[in-house]
Amino acid sequence: MTHALDGAATPTRATRRGECKTPGGKLAAVTIAGGACRLDGDFFTDGDDAASAALLADIERTLGAMTDAVDAATDAAADAVDAAMRRHPDARLVGTDARAIALAWQRALAGGDAPAALCAPAAAAEPPDDDWRAWWRDLRPVVVIDDVRDPDEQMALDERWAREVAAGERPATVRFWRWGAPAVVVGRFQSIRDEVHLDAAQAEGFAVVRRCTGGGAMIVRPDDVITYSLYAPASFVAGVDAAAAYRRCDGWAVDALRRMGVDARFGGLNDIVSPDGKIGGAAARRFPGAVGAILHHTTLAYRIDADGMARILNTSAEKMRDKAVRSARRRVDPLANRTTLDRDEIMRRLADAARMR
């Protein structure tokens with residue numbers, strides 16, 4: 001299903017929006033319309049569906065109740081959001097925090113003019129999991145080079161296989177996607193209208209779809225990316241936080257890229273990077289069930305159409321505020337810049353690595 005307008009507030013004079021990008025972390029945005037508040041952004045949640053939904057709804061109610069307050073102080077709002085978060089111990093936001101959300105809300109009230117300096121730095125990530133090989137060897141995933149599928153089908157299949165693993169009906173699996181059409185893929189908590197120039201996407205033949213995980217919007221051209229998903233029992237990442245889980249799930253891929261001569265490493269919360277920029281990004285979500293599951297998917301850039309990204313994606317100044325380089329062409333370092341191997345050969349070698357060959 002194409003969610004062309006999911007999560008979008010219809011712009012009116014009464015609609016106000018504010019954003020706050022946590023340096024080294026994710027963007028949180030608050031839209032105020034008719035006294036109600038909606039939280040969106042490229043952050044992640046850690047918790048099952050019901051717990052995560054309850055947490056977000058509580059934060060939105062909390063901000064909505066304060067919107068008509070005379071004193072819209074950031075500290076007071078941050079304390080109220082923090083209290084809402086503490087009411088939901090089974091879910092948490094990853095990549096943003098109470099103060100960033102409060103500042104986004106205050107900026108919405110002020111028409112986007114609250115000081116940028118109040119955005120708090122991101123908490124340091126946990127050290128990478130150095131023992132991924134043992135975990136991967138024990139996991140022994142089935143590796144699938146999938147059929148060509150349209151974007152809508154990719155989204156539906158991803159969630160279905162994750163729920164099958166969670167129910168104990170499918171073994172741990174790594175699926176390499178083959179895209180059947182270009183797409184704009186938007187994160188679970190993003191506002192499509194605020195992230196995508198929908199007219200441009202339609203004119204250039206891009207489907208606009210929403211994935212079931214958090215994170216930011218991305219442009220997919222079938223021959224320009226390599227996408228894979230890991231569907232693993234929840235025990236694979238039991239007892240580790242989100243940052244360590246990303247490294248455990250992608251350790252085999254980073255190692256494989258390095259063996260291809262690509263100077264790949266982990267960067268930030270969920271990125272694979274080179275010394276010159278971002279190679280790829282990952283997103284994840286945990287699913288409840290008889291055994292539970294984690295869905296972890298990663299998209300690696302093989303080539304980049306930076307001009308196309310600029311036409312189709314709406315990258316706000318706030319989102320780029322903590323970036324040393326503010327051009328997508330320079331921030332992304334696609335694999336074609338790093339190796340003479342073609343895309344299909346890279347994917348074949350990655351598949352062999354996932355099989356631990």
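This is a predicted model, so every value here is computed, not measured.
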Any salt bridge linking [X] with [Y]? Criterion: basic side-chain nitrogen under 4.0 Å from a carboxylate oxygen.
X	Y	answer
Arg285	Asp49	yes
Arg258	Asp263	yes
Arg331	Asp271	no
Arg175	Asp158	yes
Arg86	Asp82	yes
Arg349	Asp352	no

Side-chain H-bond candidate by donor/acceptor type, Thr173 with Trp161, under 3.5 Å:
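The criterion, which ignores hydrogens and geometry beyond distance, is not satisfied for Trp161 and Thr173.
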| message | For Asp344 and Tyr302, which I'm curious about, is there any donor-acceptor pair between the side chains at under 3.5 Å? | response |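 No - no donor-acceptor pair under 3.5 Å links their side chains.
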State whether the side chain of [X] and the backbone N or O of [Y] hold a donor-acceptor pair below 3.5 Å, judged by distance alone.
X	Y	result
Arg343	Val225	yes
Asp342	Glu345	yes
Arg338	Asp333	no
Glu60	Val30	no
Asn270	Ala282	yes
Asp48	Ala51	yes

- Message: Among Trp177, Trp252, Trp179, which residue satisfies the ring-ring contact (aromatic ring centres under 6.0 Å, His included) criterion with Tyr228?
- Response: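 Of the listed options, the one satisfying the test is Trp252.
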Practice prompt. Apply side chain to side chain donor-acceptor pair (under 3.5 Å) to Arg17 and Thr31, showing your working.
Written response: CA-CA 4 Å; Arg17 180 176 173 85; Thr31 299; 3.0 Å; yes
- Item | Within-4.5 Å side-chain heavy-atom neighbours: Phe206 and Pro151 |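 With C-beta onward as the side chain, the pair stays apart.
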Quiz item: What's the spacing between Thr299 OG1 and Met218 CE if we round to 0.5 Å?
Solution: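 So the gap between those two atoms works out to 3.5 Å.
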